[in-house]
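All values below were derived from every heavy atom in this structure, side-chain atoms included, with hydrogens, water molecules and symmetry-related copies excluded. Lettering follows sequence order; numbering is per chain, from 1.
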Amino acid sequence: MSSHPNCDAFVDKLLTWYDDNGRHHLPWRKNDASPFEVLVAELMLQQTSVEQVQEVFEEFVEKFPNPDSVVAVSEEEISEEIEPLGLQKRTKYFRKASHRIIEQHGGHVPDERSELLDLHGAGEYTAASVLAHAHGKDAVAVDTNVARVLSRVFGLDAADDPNAAENWDLAERSSPTGRCSDYLHALIDFGSTVCTASNPKCSDCPVADLCDYAE
DNA sequence: AAACCGGGGCT
DNA sequence: AGCCCAGGTTT
């Protein structure tokens with residue numbers, strides 16, 4: 001646990017807020033979402049809004065529920081499905097990652113950080129996300145939302161830098177054992193609806209009383 | 001360390 | 001017109 005005096009209280013209030021206000025309906029957060037579906041969602045969500053991903057995710061995983069189904073079709077068939085998302089390079093991510101999962105991991109999405117990092121298109125954030133959301137492991141992933149929320153609440157210098165070690169350290173020290181997946185989803189939902197980049201809703205924030213940033 | 005990818009929404 | 005979005009790869 002963190003040495004920061006407000007840490008436990010912050011996590012507690014955030015998780016309570018998440019229970020009531022989180023986007024629990026998102027298809028890739030379903031309890032029975034497969035590890036491959038989680039990986040697909042994480043790749044789609046890179047620099048892409050949730051609303052855009054919602055438009056294509058379910059049809060994609062219905063057509064391509066596993067790595068075998070991805071490599072079985074032409075590049076054009078994959079590209080066609082994700083075209084509305086932009087960042088067309090991800091077509092190659094899906095194909096290369098699927099090939100590696102089949103050849104190196106028997107068709108199953110790996111559950112070790114180093115193996116996930118070897119998948120094309122998966123960096124530190126995506127690897128940690130898959131560990132937490134697909135395999136239930138205690139791993140933290142810091143994106144722009146998480147970095148912004150943590151740095152604001154705890155008054156860090158690395159304001160909105162997802163690559164700053166300061167933010168990853170704080171995320172790890174504050175993360176509740178056994179509930180990393182919920183905690184990360186909570187931080188993201190909170191960062192995208194309340195603790196927003198511009199015009200944050202501090203006047204309607206459940207943790208404003210212990211936040212270094214709130215006025 | 002910086003460039004680049006990308007369509008869509010918001011300002 | 002400019003900035004941002006569940007970042008990562010390439011130069």
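Looking at heavy-atom distances under 4.0 Å, A:Glu51 makes no contact with the nucleic acid at all. Within the nucleic acid shown, A:Leu43 has no heavy atom closer than 4.0 Å to any nucleic acid atom. As judged by a 4.0 angstrom heavy-atom cut-off over every strand, A:Thr144 is placed among residues touching the sugar-phosphate backbone only. Here A:Thr126 lies in heavy-atom contact (under 4.0 Å) with sugar-phosphate atoms only.
Listed nucleotides C:dG7, C:dT9, C:dA6 differ in distance to A:Gln46; the shortest reach to its side chain belongs to C:dG7. Nearest nucleotide to the A:Tyr93 side chain, out of C:dT9, C:dA6, B:dG6: C:dT9. Considering only the side chain of A:Leu87, B:dC5 comes nearest among C:dA6, C:dC5, B:dC5. Checking B:dC5, C:dA6, C:dC5 against the side-chain heavy atoms of A:Asp143 singles out C:dA6 as nearest.
No more than 12 heavy atoms of other residues, nucleotides or ligands sit less than 6.0 Å from atom CG of A:Asp204.
Contact annotation: A:Arg148 side-chain N/O to C:dC5 OP1/OP2 distance is under 4.0 Å. In terms of phosphate contacts, A:Thr48 brings no side-chain nitrogen or oxygen within less than 4.0 Å of OP1 or OP2 of B:dG8.
Below the 3.5 angstrom threshold, one finds no donor paired with an acceptor across the side chain of A:Glu124 and the base of C:dG7.
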Step by step, would you call A:Asp19 with A:Thr16 a side-chain hydrogen bond (donor to acceptor under 3.5 Å, both in side chains)? CA-CA 5 Å; A:Asp19 288 340; A:Thr16 298; 5.4 Å; no
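Counting only distance, with no hydrogens or angles, the side chain of A:Asp160 and the backbone of A:Arg148 share no donor-acceptor pair below 3.5 Å. Between the side chain of A:Arg179 and the main chain of A:Asp138, no donor-acceptor pair closer than 3.5 Å is present.
For the pair A:Leu117 and A:Ala41, nearest-nucleotide mapping onto DNA chain C gives the more 5' position to A:Ala41.
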